[in-house]
Amino acid sequence: MTKRATAKPADRHRTPTAPRHYAVVGAGIAGVACARTLRQAGHKVTLFERDDTPGGRMASVDTAFGRFDSGAQYFTVRDPRFALALETTPGLCKRWSANLVRVLDAHGRVAEAALPSLEAHWVAQPGMDALVAHWAAPLGDSLITGTQVTQIEPDALDAKRWQLRTAGAEESQHVYSGFDAVLLAVPPSRTRALLGDGKLSAALSRKIESVRIAPCWTLMIAFPQANQPTMSHLGPQWNAARSTHHRVAWLARESSKPGREPIERWTLQASAAWSQEHLRDMPSRVEAKLLRAFAEITGIHATPAHAKALCWSEAQTQVPVGQTHLWDAKARIGIAGDWCTGHRVEDAFLSGLSLALETI
Ligand SMILES: Cc1cc2nc3c(=O)[nH]c(=O)nc-3n(C[C@H](O)[C@H](O)[C@H](O)COP(=O)(O)OP(=O)(O)OC[C@H]3O[C@@H](n4cnc5c(N)ncnc54)[C@H](O)[C@@H]3O)c2cc1C
């Protein structure tokens with residue numbers, strides 16, 4: 001008679017694997033999705049974030065004139081796993097009637113064409129960073145902000161584990177030890193550096209060699225004068241546009257997004273090619289050039305009361321890895337991020353989720 005393994009009552013309630021201690025590096029949506037999933041599976045997680053708040057490229061900037069989404073403008077939902085996760089945040093995300101158009105700049109003539117609205121555009125309130133902050137909140141003290149991971153090395157007391165060197169405010173340095181695995185959810189250049197250019201996992205370094213990600217200059221401008229009754233029709237009637245202007249790829253009226261302050265505010269994103277060409281320019285020079293492009297596209301020639309340009313050195317994936325995530329089981333190092341498969345918020349979420357599920 002063949003003996004079949006039957007689960008004893010106690011076994012059925014046992015965690016499938018013994019709890020482990022994971023270091024997750026980067027609290028963008030990929031890192032937070034990954035850390036939460038590991039925590040829910042009963043593991044210990046320490047999530048390190050260089051900035052003072054989680055969010056990464058789902059970023060919002062507060063100004064005296066209201067909030068700007070300086071990174072991701074909106075997200076779309078195509079995968080049921082992302083849709084399910086969003087159901088845990090009732091009321092936080094709202095549909096944005098982006099009223100999206102395509103702005104053509106041919107022979108100096110500006111035309112507008114409405115884009116068919118195939119998908120809903122969603123935004124978090126009051127800013128795009130709110131979604132990641134909401135999902136990170138249950139991690140409590142396990143999220144260590146203002147702390148940049150500078151090096152991964154074998155644990156000094158137990159060579160089977162990892163320890164991380166970090167740099168924080170006022171040049172403070174620390175070593176965090178005892179990690180069974182390290183999961184990287186940071187942009188490609190940081191990932192390459194933390195992998196020690198192949199020293200920690202030659203296989204992972206090889207797989208990310210071909211990844212390319214473009215920079216993006218972003219301009220945020222506010223026109224409080226537009227809210228005065230005599231000037232209530234400043235600019236075009238659309239709220240967002242994809243543009244073929246040689247400098248500008250995207251424009252959005254921030255004040256048209258749900259849950260935002262009413263002061264007329266716009267965010268412009270320069271094209272990947274133009275951003276790359278002007279990567280080393282002074283922000284003031286970029287600001288002037290993008291403002292001119294803004295006037296050409298929208299017809300708004302007024303001087304903004306607020307203008308700030310910032311550059312994302314790694315913004316939009318051009319060549320992805322081609323796999324949802326990467327996991328080197330031997331080295332116990334994993335990689336997640338939008339750049340594994342694409343360039344969207346949802347890609348990043350699914351990448352973090354699938355990495356966690358593989359390692360559990
Ligand atoms: C200008 C711009 C516009 C965009 N527009 C859209 C859009 O409209 N719709 C859309 O779906 N997507 C958009 N995206 C893309 C979207 O923002 C990303 O897909 C998504 O936010 C990536 O999440 P992530 O977690 O993979 O990476 P990130 O958000 O980049 O998170 C990485 C985190 O790691 C941290 N970090 C880096 N190095 C270290 C270190 N050494 N130690 C500790 N922490 C570290 C960073 O501070 C950051 O918080 C846009 C992106 C940009 C920049």
Side-chain angles (χ1 to χ4, degrees), residues 23-35 46-61 68-78 82 96 98 100 119 121-124 128-129 131-133 135-136 143-152 164-168 176 182-195 213-220 240 242 249-250 252 257 267-272 275 309-317 320-321 324-325 335-353 355:
V24 179
V25 185
I29 192 164
V32 168
C34 184
T46 305
L47 174 56
F48 296 91
E49 171 52 48
R50 182 191 54 194
D51 291 345
D52 292 335
T53 50
R57 280 172 281 156
M58 291 182 78
S60 302
V61 175
F68 290 85
D69 291 325
S70 55
Q73 295 290 298
Y74 65 89
F75 61 86
T76 45
V77 185
R78 297 173 191 167
F82 190 37
W96 173 37
L100 191 62
E119 286 189 299
H121 297 81
W122 294 92
V123 295
M128 286 294 276
D129 57 346
L131 178 61
V132 183
W135 277 338
L143 167 61
I144 304 179
T145 56
T147 301
Q148 179 175 357
V149 174
T150 53
Q151 204 170 327
I152 305 168
L164 304 187
R165 289 188 183 273
T166 65
Y176 293 84
V182 180
L183 308 181
L184 302 173
V186 297
S189 71
R190 289 282 81 219
T191 304
R192 288 185 183 112
L194 287 172
L195 288 175
I213 181 161
C216 179
W217 270 107
T218 299
L219 177 69
M220 294 163 281
R242 296 197 192 287
W250 168 263
K257 293 178 180 174
T267 297
L268 268 80
Q269 289 165 1
S271 66
S275 297
L310 67 84
C311 186
W312 294 95
S313 56
E314 292 175 284
Q316 198 182 48
T317 315
V321 175
T324 53
H325 63 275
I335 294 175
D338 61 339
W339 52 277
C340 285
T341 52
H343 55 83
R344 299 163 50 246
V345 165
E346 187 180 49
D347 297 324
F349 172 86
L350 294 173
S351 178
L353 176 71
L355 174 60

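Only this structure's heavy atoms are used, side chains among them; waters, hydrogens and symmetry mates stay out. For reference, positions follow the sequence shown, starting with 1. In listed order, ligands and their atoms are each counted from 1.
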Heavy-atom nearest neighbour in the protein, as seen from [atom], with distance rounded to 0.1 Å:
atom                    : value
atom 34 (O) of ligand 1 : Gly26 CA, 3.2 Å
atom 49 (O) of ligand 1 : Glu49 OE1, 2.7 Å
atom 13 (C) of ligand 1 : Ala72 CB, 3.6 Å
atom 39 (C) of ligand 1 : Val186 CG1, 3.6 Å
atom 15 (C) of ligand 1 : His343 O, 3.3 Å
atom 42 (N) of ligand 1 : Val149 N, 2.9 Å
atom 9 (N) of ligand 1  : Tyr74 O, 2.7 Å
atom 51 (C) of ligand 1 : Ala315 O, 4.0 Å

Item to check | Contact with ligand 1 for Asp347, non-hydrogen, under 4.0 angstrom | outcome: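 In this structure, Asp347 fails to qualify as a contact of ligand 1 - no heavy atom is under 4.0 Å.
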Next on the checklist: Salt bridge or not between Glu314 and Arg57? Use side-chain N to carboxylate O under 4.0 Å.
Outcome noted: no
Counting each atom of ligand 1 from 1 as listed, which ones have a heavy atom of [X] under 4.0 Å away?
X      : result
Met58  : 21 (O)
Val345 : 10 (C), 11 (O), 12 (N), 16 (C), 19 (O)
Gly337 : 26 (O)
Asp51  : 47 (O)
Gly56  : 29 (O), 31 (O), 48 (C), 49 (O)
Trp312 : 1 (C), 53 (C)
Gln73  : 5 (N), 6 (C), 7 (C), 8 (O)
Ala348 : 22 (C), 23 (O), 24 (P), 26 (O)

Checklist entry - For the atom pair CG (Leu131) and CZ (Phe75), what is the distance rounded to the nearest 0.5 Å? => result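 Separation between the atoms: 5.5 Å.
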At under 4.0 Å between heavy atoms, which part of [X] makes contact with ligand 1: side chain, backbone, both or neither?
X      : result
Phe48  : backbone
Ala185 : backbone
Thr147 : backbone
Arg57  : both

Checklist entry - Within the structure, does Asp338 bring an N/O atom to less than 3.5 angstrom of an N/O atom in ligand 1? => result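 Yes.
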Checklist entry - N/O of Arg344 under 3.5 Å from N/O of ligand 1, yes or no? => result yes
Checklist entry - Are Leu184 and Ile152 close enough that some pair of their side-chain heavy atoms sits under 4.5 Å apart? => result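 In short, these two side chains touch, coming nearer than 4.5 Å.
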Item to check | Parallel, tilted or perpendicular, as decided by the 30° and 60° cut-offs, for the rings of Trp96 and His121 | outcome: perpendicular
Checklist entry - Would you call the rings of Tyr176 and Phe48 parallel, tilted or perpendicular, where under 30° means parallel and over 60° means perpendicular? => result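 Perpendicular: the ring planes of Tyr176 and Phe48 meet at over 60°.
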